[in-house]
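Letters A, B, ... are given to chains in the order of the sequence lines, protein chains preceding strands, and every chain is numbered from 1.
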Number of protein chains: 2
Amino acid sequence: MPTGFSSSDGTDLLRAEETVRARIGEHDFDFASLAAVSNVFRVANTARYRFERSVLRPYDLSFTAFTVLWVLWIWGELESRHLAAEAGITKGTLTGVVKTLERRGLVERRSHSADRRLVLVAASGDGAATMERLYSEFNREEARITQHLSAAEKQELAHHLRTILRTLELLDD
Amino acid sequence: MPTGFSSSDGTDLLRAEETVRARIGEHDFDFASLAAVSNVFRVANTARYRFERSVLRPYDLSFTAFTVLWVLWIWGELESRHLAAEAGITKGTLTGVVKTLERRGLVERRSHSADRRLVLVAASGDGAATMERLYSEFNREEARITQHLSAAEKQELAHHLRTILRTLELLDD
DNA sequence: AGGATATCGTTTGGGAGCGAACGAGTGGAG
DNA sequence: CTCCACTCGTTCGCTCCCAAACGATATCCT
């Protein structure tokens, strides 16, 4: 249901610009930043929703569960807190997600032999096999939603986003 | 805690590229699309987290509650399902969010006189006043996280994202 | 050695978030 | 006028998501 906001033609953003200018004044309002940032949220929202309903649905995996499994597939066994950081969620959230993945037999947990506070998480054989099939489809879908961008434009997009990412890290008060 | 993945230098993406190529083969793998799409998710995740902890925290508003209030601020009174679509959430989720906003006195609900199935939602005086102060800060933060992008680059970024948005709408099977 | 200090993952409480089922209300077909 | 199909917002069950508090473990200091 959440198509993620209404229109992509910019109608709503223009309306927003009018309203905001009228209410908080010309100064103190950076429209270019609004357009850039709000579109990031819109695309992320809409794309996430689409991925969950298309490629992820048959596997009964949430986007987050997929992300966690993907990270493990790429990096191999990881300590909990690193896995959480890599997946972009808190350790508290990870506990629940890993519990879900473990219940489905896609992931295995074991405790560190030397430091018993640590918990190591790894994809199971099933988990890896699943990702091998699933990620092909996922990547095809990534290509599908970006099909109207040239390779150069995709690179440009990724580059600008990495610039923001770097800024966010520096701002990390 | 979720800084949103580890590094913005592309280290992890390179690692991902290696692994994926090794496991699903050269063909059937579009790295440019992976880089573009995954960075959208990373930025959205990290930025959302930052907004919630900086500008939104003092107002005790979640990112979604802020979005809903913002939409009402821009568009005025809206029917529930349109508000949900505009905010990018399902109507079921909206019921809960509006309940929260209503409890805080930022929003008002009334039923349509002609069609009694409909519920109309609008920002209250308090809600509008709150947004007037809050959005100034929010927009400043949008500018801050995009500070290393020129105006032209922000426009380029927004443009590419809108291209994806348009594709997502067309793909809407 | 032993007590403060720090760090780990888990738990808890509360707000999102979805799909599906639901009751109330509308409007069309006969 | 009365079924019937449709649409509205709410509710329900489940997963995610965070901050904060917690118990267990490790380390540092003297």
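Residue-to-nucleotide contacts include a donor-acceptor pair under 3.5 Å from the side chain of B:R117 to the base of D:dT7.
A side-chain donor-acceptor contact under 3.5 Å links B:T64 and B:R48. The closest side-chain donor-acceptor pair between A:R42 and A:N45, if any, does not fall under 3.5 angstrom.
Rounded to whole Å, atom P of D:dA19 lies 15 Å from atom CZ of B:F63. Note: NZ (A:K91) to C1' (D:dC17) measures 15 Å, nearest angstrom. One interatomic measurement links the two molecules: CG of B:L94 to C1' of C:dG15, which rounds to 14 Å at whole-angstrom precision. Distance B:L56 CG to C:dA16 P: 11 Å, rounded to the nearest Å. What separates CG of A:L118 from C1' of C:dA6 is a distance of 14 Å, to the nearest Å. The distance from atom CG of B:L61 to atom C1' of D:dA19 is 17 Å, rounded to the nearest whole Å. The distance between atom NE2 of B:H112 and atom P of D:dT7, rounded to the nearest whole Å, is 17 Å. Between the P atom of D:dC8 and the CZ atom of B:R116 lies a distance of 17 Å, rounded to the nearest Å.
Closest contact between the side chain of A:D115 and the listed nucleotides D:dA26, D:dT11, C:dA16 involves D:dA26.
The phosphate of C:dA16 has OP1 or OP2 within less than 4.0 Å of a side-chain N or O from B:S62.
A salt bridge does not link B:R166 to B:E169: none of the charged nitrogens lies less than 4.0 Å from a carboxylate oxygen.
Within 4.0 Å of A:T93, counting heavy atoms only, lies at least one base atom of the nucleic acid.
Ring-plane geometry between A:Y135 and A:W70 is classed as tilted, the angle between the planes lying from 30 to 60 degrees on a 0 to 90 degree scale.
In this structure, A:R109 contributes its side chain and A:V98 its backbone to no donor-acceptor pair below 3.5 Å.
Residues passing the salt bridge (Lys or Arg N to Asp or Glu O under 4.0 Å) test with A:R21, sequence neighbours excluded: A:E17, A:E26.
Of the residues B:H148, B:Q147, B:R144, the one that meets the side chain to side chain donor-acceptor pair (under 3.5 Å) test with A:T167 is B:H148.
Near DNA chain C, defined here as any heavy-atom distance below 4.0 Å, the residues from residues 101-110 of chain A are A:R109, listed numerically.
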